[in-house]
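Take a look at the structure set out below.
Along the sequence shown, residues are numbered consecutively beginning with 1. All values derive from a computational prediction rather than experimental measurement.
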Amino acid sequence: MICIGYEKLNELLKRNEIPAYRLAQELDIPPSTFSAWKHGEYRPKVDKLKKIADYFGVPVTYFIE
C-alpha cells in the first residue's frame, strides 16, 4: 500500500512558515481536507496533491512514502 504522508506536507508548512488554513484558502481546498488527511481519515486525490506540490515547487512524488 502506498502511504501518502501528511508529515511531508507538515514539513513544508513549517519550513515555509505557512499555516495550513492559509494554504487551504489559497488553493481553494477545504481545511477539513487537511485535518482528515492528518488523522488518516482521507487520502488526497492526485489533483489536490498536484496543487500542493506546485504551490511548494516539489514533485508530487515528494508526498509518497
Side-chain angles (χ1 to χ4, degrees):
M1 172 189 250
I2 295 174
C3 180
I4 301 174
Y6 180 84
E7 298 80 23
K8 299 274 186 143
L9 173 60
N10 203 35
E11 288 173 17
L12 289 171
L13 291 169
K14 285 181 181 180
R15 187 179 324 146
N16 292 281
E17 298 180 353
I18 298 171
Y21 75 86
R22 187 172 122 205
L23 179 66
Q25 200 172 41
E26 290 188 23
L27 297 182
D28 197 29
I29 297 173
S32 59
T33 298
F34 292 120
S35 179
W37 183 10
K38 180 179 182 177
H39 293 97
E41 301 162 357
Y42 172 80
R43 291 183 64 181
K45 294 177 178 70
V46 175
D47 64 322
K48 286 187 177 62
L49 279 179
K50 173 105 175 81
K51 282 174 124 175
I52 297 166
D54 289 349
Y55 183 90
F56 286 109
V58 298
V60 173
T61 55
Y62 175 83
F63 298 102
I64 299 172
E65 298 176 337

Nearest non-hydrogen partners of [X] and [Y], listed with the distance:
X   : Y   : result
Y6  : F34 : CE1-O, 3.6 Å
A24 : P30 : CB-C, 4.4 Å
I52 : F63 : CG2-CZ, 3.5 Å

What distance separates [X] [atom1] from [Y] [atom2], expressed to the nearest 0.5 Å?
X   : Y   : atom1 : atom2 : value
L9  : K38 : CG    : NZ    : 10.5 Å
R22 : L27 : CZ    : CG    : 10.5 Å
K45 : I29 : NZ    : CD1   : 11.0 Å
Y62 : E11 : OH    : CD    : 4.5 Å

Flag if over 12 foreign heavy atoms under 6.0 Å of CG, D47: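 Yes, CG of D47 has more than 12 neighbouring heavy atoms, counting only those of other groups under 6.0 Å.
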Greater than 12 external heavy atoms within 6.0 Å of E17's CD: no
Set of side chain to side chain donor-acceptor pair (under 3.5 Å) partners for N10, sequence neighbours left out: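 Once residues adjacent in sequence are excluded, N10 has no partner under the side chain to side chain donor-acceptor pair (under 3.5 Å) criterion.
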Pairing residues for Y55 by the side chain to side chain donor-acceptor pair (under 3.5 Å) criterion, not counting sequence neighbours: E26
All salt bridge (Lys or Arg N to Asp or Glu O under 4.0 Å) counterparts of K50, not counting sequence neighbours: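 For K50 the salt bridge (Lys or Arg N to Asp or Glu O under 4.0 Å) partners, ignoring immediate neighbours, are D54.
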Working for side-chain contact (heavy atoms from CB on, under 4.5 Å), residues L12 and L23: CA-CA 11 Å; L12 289 171; L23 179 66; over 6 Å; no
K48 and Y42, any side-chain heavy atoms less than 4.5 Å apart: yes
